[in-house]
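Working notes, structure below.
All values derive from a computational prediction rather than experimental measurement. Per chain, numbering begins at 1; letters A, B, ... match sequence-line order.
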Amino acid sequence: MDQTTHESGAYDFSAAEARWQAEWEARNSFATADAPQGGRRKCYVLEMFPYPSGKIHMGHVRNYAIGDVIARARRAQGYDVLHPMGWDAFGLPAENAARERNVDPAKWTRDNIAAMKADLKRVGLSVDWSREFATCDPEYYGHQQKLFLDLWRAGLAYRRESAVNWDPVDMTVLANEQVIDGRGWKSGAPVEKRKLRQWFFRITDFADDLLAGLDTLENWPERVRTMQRNWIGRSEGAEFSIRLTEPCAGIESVPVYSTRPDTLFGMSFVALAPDHPLAAAIAATNPEAAAFIAACQSAGTSEAAIEAAEKRGFDTGLRVVHPFDPARTHPVWIANFVLMDYGTGAIFGCPAHDQRDLDFARKYGLDVTVVVAPKDDPGMAVGDVAFTGDGAIVNSGFLDGLAVTAAKSRAIAELEARGAGKGVVNWRLRDWGVSRQRAWGCPIPMIHCEVCGTVPVPEKHLPVRLPEDLPFDRPGNALDHHPSWKHVACPQCGAAAQRETDTFDTFVDSSWYFARFCAPHAPVPADPAATSHWMPVDHYIGGIEHAILHLLYARFFTRAMHRLGQVGVAEPFAGLFTQGMLTHESYRTEDGKWLYPEEVIRHADHATTLDGRKVIVGPIEKMSKSKRNTVDPSAVIARFGADTARWFVLSDNPPERDVEWTEAGAQGAFRYVQRLYRLARSVAADRADDVALERAEGAARTLRQATHRTIAAVTEAIDGFAFNVAIARLYELANAIAESEGRTAPGLAAARREAMSALIRLAAPIIPHVAEEANALVAPEAGLVVNQPWPVADPDLLKRDSVTLAVQIMGKLRGTIELPPGADAETAIAQALAEPRIAQLLAGATIVKRIHVPDRIVNFVVRP
RNA sequence: GCGGAUGUGGCGGAACGGUAGACGUAGCAGACUUAAAAUCUGUUGUCCGACAGGACGUGGGGGUUCAAGUCCCCCCAUCCGCACCA
């Protein structure tokens with residue numbers, strides 16, 4: 001009896017998984033070289049690296065299982081596969097832990113990495129761990145500082161003022177997620193906007209290219225490309241000045257941007273962003289305006305908060321002159337829905353043809369003039385819905401009668417002729433602010449000298465290391481509070497100077513790690529030869545929540561590095577796959593306390609606690625610690641094994657959708673793993689059969705056909721990331737092998753061995769441990785499964801002996817017929833008409849049309 | 001508010017415009033067992049009817065087509081993102 005079989009004959013996953021993981025590690029099965037290997041095609045598989053929270057969760061298991069299936073399948077298919085792993089190790093949680101529990105964020109992070117790595121290793125991933133690094137390694141962030149200096153020298157980084165959320169009680173900058181309903185999450189104090197000098201990357205320099213590049217990303221989900229396109233937000237419009245009737249504080253006119261210059265005659269007001277310079281000038285002498293602006297500032301900086309807020313405005317009393325009609329004047333308002341960061345921070349309002357303007361106009365009783373008349377309703381009156389479609393321009397002087405597009409050009413030409421403005425391309429995309437007032441991040445390698453200004457840290461002094469004794473005893477930036485860290489001599493003049501105490505946004509850390517993985521020990525940030533070989537990432541796998549920011553920043557950063565000659569490609573991710581989230585029922589006691597699933601006994605129609613108290617079963621929601629509806633993968637792996645966990649998270653539904661963890665599903669997965677092993681034992685016990693595979697007949701040939709159909713179907717399904725479909729086909733093959741047991745047919749033993757070998761290799765990317773175990777029973781002479789090639793389907797065995805066609809009358813199914821594949825229309829229709837039931841139903845009716853789709857259907861269209 | 005997606009049996013889901021419900025899970029009936037678990041066999045969309053057969057059925061409403069889960073239009077619900085969470 002071998003050591004992984006219980007006395008009962010059951011598969012002992014625990015011993016087997018540890019043994020095969022050790023075996024792969026001892027053989028270095030997943031190590032990859034930086035350079036090309038003998039003409040083998042390369043495949044770079046990368047899952048978004050994790051934040052080291054300390055424990056893996058089921059979302060990680062699913063994310064890494066998806067990547068691992070692809071990596072293992074590609075390896076079997078003959079590719080040279082790069083599949084690395086690392087840690088996105090800077091960020092707020094470590095800092096919060098430091099404050100709350102007085103621990104060193106570095107130690108906290110290192111401990112978390114160690115724990116998570118141990119968890120991940122038990123999942124049995126085909127990862128080349130020799131490439132592992134964490135973004136908090138001084139070596140990594142030192143290279144990042146070098147990259148920043150390169151970007152700065154290339155003019156792609158600069159410093160300017162920008163607003164942050166300021167908590168006036170805790171005296172600290174808040175992240176948007178720390179602002180809840182306009183208040184600080186801890187202090188509860190209303191948040192203020194405050195301007196700080198901050199570092200920015202000039203991502204807008206690449207706006208055009210980032211947009212155009214999307215068209216080349218054929219292996220990205222269309223929805224992600226659409227989201228990025230909308231985010232970049234290219235628009236064509238007009239930028240022009242609108243003259244005030246009287247100057248205000250020396251300001252004579254207001255520049256506005258509009259994508260609808262065709263509706264200029266429908267203008268009824270001008271609206272300024274609350275932080276617009278003219279608004280500030282007005283507020284200086286008008287306390288009411290100042291109060292209104294102050295009220296707007298408390299909303300926080302997030303666009304969602306601003307736009308979801310009720311539209312409010314303040315009439316400044318100023319008026320502007322209409323650019324095309326000096327006789328008309330319009331009021332100037334300050335409005336909370338106008339964004340300073342978009343366009344010029346001021347708009348003209350045309351309520352009839354813009355919903356936000358209309359809502360605003362209705363609220364404050366402003367004029368609504370229709371200037372675009374829909375073709376089917378030329379006399380349209382506007383109620384509460386703005387008309388934004390095409391039509392003919394009316395009430396608009398020289399624009400009258402034109403269509404919208406023509407009117408835009410005409411209006412722009414007129415503005416240019418009058419010297420008032422011009423046609424411009426505008427982008428919604430803003431430059432990327434990377435300064436964070438946080439201590440647990442990559443220090444920005446700059447020094448502020450009173451004499452020399454802002455001076456870069458000399459490269460020989462990189463990395464600028466974080467101090468090991470960060471003081472977290474008071475709010476604010478611990479790096480800034482450190483007694484000595486920031487005080488240095490100016491590298492240029494030697495005078496006393498101060499280090500920049502802001503650190504980088506952690507999105508910077510994750511914007512080039514995939515390039516570093518290609519040569520993780522190179523003396524430069526990215527090794528050009530290694531990145532030229534491995535980049536782009538062929539399959540990048542992660543959550544849909546990263547669809548915009550992370551992916552856009554990484555695309556920008558790669559372009560910047562490419563421009564500087566540091567990586568071989570401009571586009572980092574050739575293929576993208578976005579997975580759904582893990583969800584689970586949530587449970588609470590009657591007094592509202594959240595319960596973990598393991599504290600709950602689930603009955604058929606209700607649930608109780610372990611000691612019998614009533615449990616309220618909540619909706620199925622995204623797993624989160626706060627609701628305690630999490631399932632701990634370590635516990636699942638200990639109970640069922642890694643193979644079961646991997647199989648379940650891939651089997652239940654398409655990977656791009658959310659998956660609900662269910663006990664029943666896990667049990668089902670567990671049964672399959674056991675069943676695979678039992679089948680292998682059964683096949684291994686078959687007596688040899690001297691009939692060759694090629695001469696298999698009857699049940700043996702049927703099994704061979706099933707095997708080869710499964711090979712074709714599973715290969716296609718895995719290529720398309722349809723793991724749930726691949727798994728359904730693997731169930732079918734297992735069923736077919738089980739059915740063949742005890743039967744007799746020429747070549748059946750050989751056919752069963754063939755089927756089992758295919759099943760093992762096809763299932764191996766998903767459940768690699770039991771696949772090795774089964775292989776050791778059935779075909780030990782073939783060597784480890786990880787070194788075996790992917791099975792290939794024999795086209796002859798994919799051919800069907802006969803096909804079933806549906807026979808329809810008026811599109812309704814009325815019967816089926818059996819035909820040889822490829823039968824022509826005449827044969828099919830004749831046979832359909834010969835069916836007694838069809839003939840009966842057609843009797844007395846006139847057939848007006850006969851439709852035949854080869855190997856699919858016959859449909860008769862009849863008249864009674 | 002804006003942008004993007006999703007919706008099919010009790011549940012997860014499958015389905016080049018061509019037999020809706022593959023496969024799994026749950027349920028029911030049976031075999032094995034002292035018993036339970038495991039395993040195996042059969043069965044299961046709803047309604048009518050006898051297992052023949054029929055009607056209905058893919059979030060709701062309309063349309064295109066010989067034929068619609070699939071294409072088009074409108075609506076509803078849920079989820080993701082919104083620039084300092086990662």
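- Rounded to an integer number of Å, the gap from NZ of A/Lys193 to C1' of B/rC84 is 14 Å.
- Using a distance-only test at 3.5 Å, with no hydrogens or angles considered, no donor-acceptor pair links the side chain of A/Gln808 to the main chain of A/Met810.
- Just one residue in the list A/Asp505, A/Thr503, A/Asn477 forms a side chain to side chain donor-acceptor pair (under 3.5 Å) with A/Arg436, and that residue is A/Asp505.
- Taking atom CE on A/Met227 and atom P on B/rA83, their separation rounds to 15 Å, with Å as the unit.
- Applying the Watson-Crick and G-U wobble criteria (two distances, each under 3.5 Å), B/rA14 pairs with nothing in any strand.
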Donor-acceptor list for residues 722-731 of chain A side chains, cut-off 3.5 Å, not counting sequence neighbours:
from     : atom 1 : to       : atom 2 : distance (Å)
A/Arg729 : NE     : A/Glu732 : OE1    : 2.8
A/Arg729 : NH2    : A/Glu732 : OE2    : 3.3
A/Tyr731 : OH     : A/Trp647 : NE1    : 3.2

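- Looking at every heavy atom in both residues, A/Val803 comes nearest to A/Pro821 through CG2-CA, 4.1 Å.
- Using a 4.0 Å heavy-atom criterion, one finds that A/Gln355 contacts no nucleic acid atom at all.
- The two residues A/Asp88 and A/Tyr51 have their closest heavy-atom pair at O-CD1, 3.0 Å.
- On the P atoms, B/rG53 is 30 Å away from B/rA31, given to the nearest whole Å.
- Between A/Asn176 and B/rC85 there is no side-chain N or O to OP1 or OP2 distance below 4.0 Å.
- Contact annotation for A/Val164: base contact, defined as any heavy-atom pair under 4.0 Å involving a base atom.
- Note on A/Arg229 versus A/Glu222: salt bridge recorded, some NZ/NE/NH1/NH2 to OD/OE distance being below 4.0 Å.
- Across all strands shown, A/Asn735 has heavy atoms under 4.0 Å from sugar-phosphate atoms exclusively, and none from any base.
- Residue A/Arg814 is classed as a sugar-phosphate contact, given heavy-atom separations below 4.0 Å to backbone atoms only.
- Atom pair A/Gln674:CD and B/rA38:C1' shows a separation of 10 Å (rounding to whole Å applied).
- Taking only side-chain atoms of A/Asp88, from C-beta outward, the nucleotide of B/rC80, B/rA86, B/rA26 with the closest atom is B/rA86.
- A/Lys812 comes within contact range of the sugar-phosphate backbone alone, with a heavy-atom separation under 4.0 Å but no base atom that close.
- Annotation: of the two residues near RNA chain B, A/Thr226 and A/Phe507, the 5′-most nearest-nucleotide partner is A/Thr226.
- No engagement by A/His550 is indicated, since no non-hydrogen atom pair under 4.0 Å with the nucleic acid exists.
- A 3.5 Å limit on both hydrogen-bonding distances identifies B/rC40 as the Watson-Crick or G-U partner of B/rG30.
- The nearest whole Å value for the distance from the CZ atom in A/Phe648 to the P atom in B/rG13 is 10 Å.
- Within 4.0 Å of A/Pro654, counting heavy atoms only, lie sugar-phosphate atoms of the nucleic acid but no base atom.
- With both pairing distances under 3.5 Å, B/rA55 is matched to B/rU46 as a Watson-Crick or G-U wobble pair.
- A donor and an acceptor atom sit less than 3.5 Å apart, one in the side chain of A/Asn859 and one in the base of B/rC66.
- Across B/rA20, B/rA83, B/rA14, the shortest atom-to-atom separation from the side chain of A/Asn724 is found for B/rA14.
- Relative to the ring axis of A/Tyr11, A/Arg678 does not place its NZ or CZ within 45° and under 6.0 Å from the centre.
- Comparing the same atom, C1', in B/rG17 and in B/rG63 gives a spacing of 16 Å after rounding to whole Å.
- Nucleotides B/rA14 and B/rA20 place their C1' atoms 9 Å apart, quoted to the nearest Å.
- A/Ser651 comes within contact range of no nucleotide atom at all, as no heavy-atom separation falls under 4.0 Å.
- The shortest non-hydrogen separation linking A/Thr109 to A/Ala94 is OG1-CB, 3.7 Å.
- When the P atom is compared between B/rA86 and B/rG60, the two are found 42 Å apart, to the nearest whole Å.
- A/Gln831 and A/Glu835 share no donor-acceptor pair across their side chains, judged by distance under 3.5 Å alone.
- Of the residues near RNA chain B, A/Gly91 and A/Ala304, the one whose nearest nucleotide (by heavy atom distance) lies more toward the 5' end is A/Ala304.
- Glycosidic conformation at B/rG9 (O4'-C1'-N9-C4 for purines, O4'-C1'-N1-C2 for pyrimidines): syn, within 90° of 0.
- A donor-acceptor contact under 3.5 Å is not formed by the side chain of A/Gln808 with the base of B/rC66.
- With respect to the salt-bridge test (charged N to carboxylate O, under 4.0 angstrom), the residues A/Glu161 and A/Arg194 do not qualify.
- Note on A/Phe860: nothing from the nucleic acid sits closer than 4.0 angstrom, heavy atoms only.
- Straight-line distance between the C1' atoms of B/rC73 and B/rU64: roughly 11 Å, to the nearest whole Å.
- On a pure distance criterion of 3.5 Å, a polar donor-acceptor pair joins the side chain of A/Arg438 and the base of B/rC84.
- The same atom, P, is picked in B/rA37 and in B/rG27; the two are 11 Å apart, to the nearest Å.
- Within the 4.0 angstrom heavy-atom criterion, base atoms lie near A/Val173.
- Annotation: B/rC56 and B/rG1 have their C1' atoms spaced 42 Å apart (nearest Å).
- The base of B/rC79 lies outside donor-acceptor range of the side chain of A/Glu545, with no N or O pair under 3.5 Å.
- Across all strands shown, B/rA22 remains unpaired; no Watson-Crick or G-U wobble contact has both distances below 3.5 Å.
- When heavy atoms are screened at a 4.0 angstrom cut-off, A/Leu429 is found touching base atoms of the nucleic acid.
- Taking atom CZ of A/Phe577 as the reference point, atom P of B/rC80 lies 18 Å away to the nearest angstrom.
- In a base pair of the Watson-Crick type (N1 to N3 plus N6-O4 or O6-N4) or a G-U wobble (N1-O2 and O6-N3), with each distance short of 3.5 Å, B/rG7 is matched with B/rC76.
- Rounded to whole Å, atom P of B/rG3 lies 24 Å from atom NE2 of A/His546.
- Nucleotides B/rU19 and B/rG69 have their P atoms positioned 10 Å apart, rounded to a whole Å.
- When each of B/rC85, B/rG13, B/rG18 is scored by its nearest atom to the side-chain atoms of A/Arg856, the top-ranked nucleotide is B/rG18.
- When distances run from any side-chain atom of A/Arg657 to the nucleotides B/rG7, B/rU25, B/rG12, the shortest one goes to B/rG7.
- When distances run from any side-chain atom of A/Arg223 to the nucleotides B/rC23, B/rG18, B/rG4, the shortest one goes to B/rG4.
- Shown here, B/rU64 forms no base pair; nothing in the strands shown gives a Watson-Crick or G-U wobble contact with both key distances under 3.5 Å.
- With a 3.5 Å ceiling on both atom-pair distances, the Watson-Crick or G-U wobble partner of B/rG1 is B/rC82.
- Using a 4.0 Å heavy-atom cutoff across all strands shown, A/Ser510 reaches no nucleic acid atom at all.
- Side-chain atoms of A/Arg671 stay outside donor-acceptor range of the base of B/rA38, with no qualifying N/O pair under 3.5 Å.
- When heavy atoms are screened at a 4.0 angstrom cut-off, A/Ile851 is found touching base atoms of the nucleic acid.
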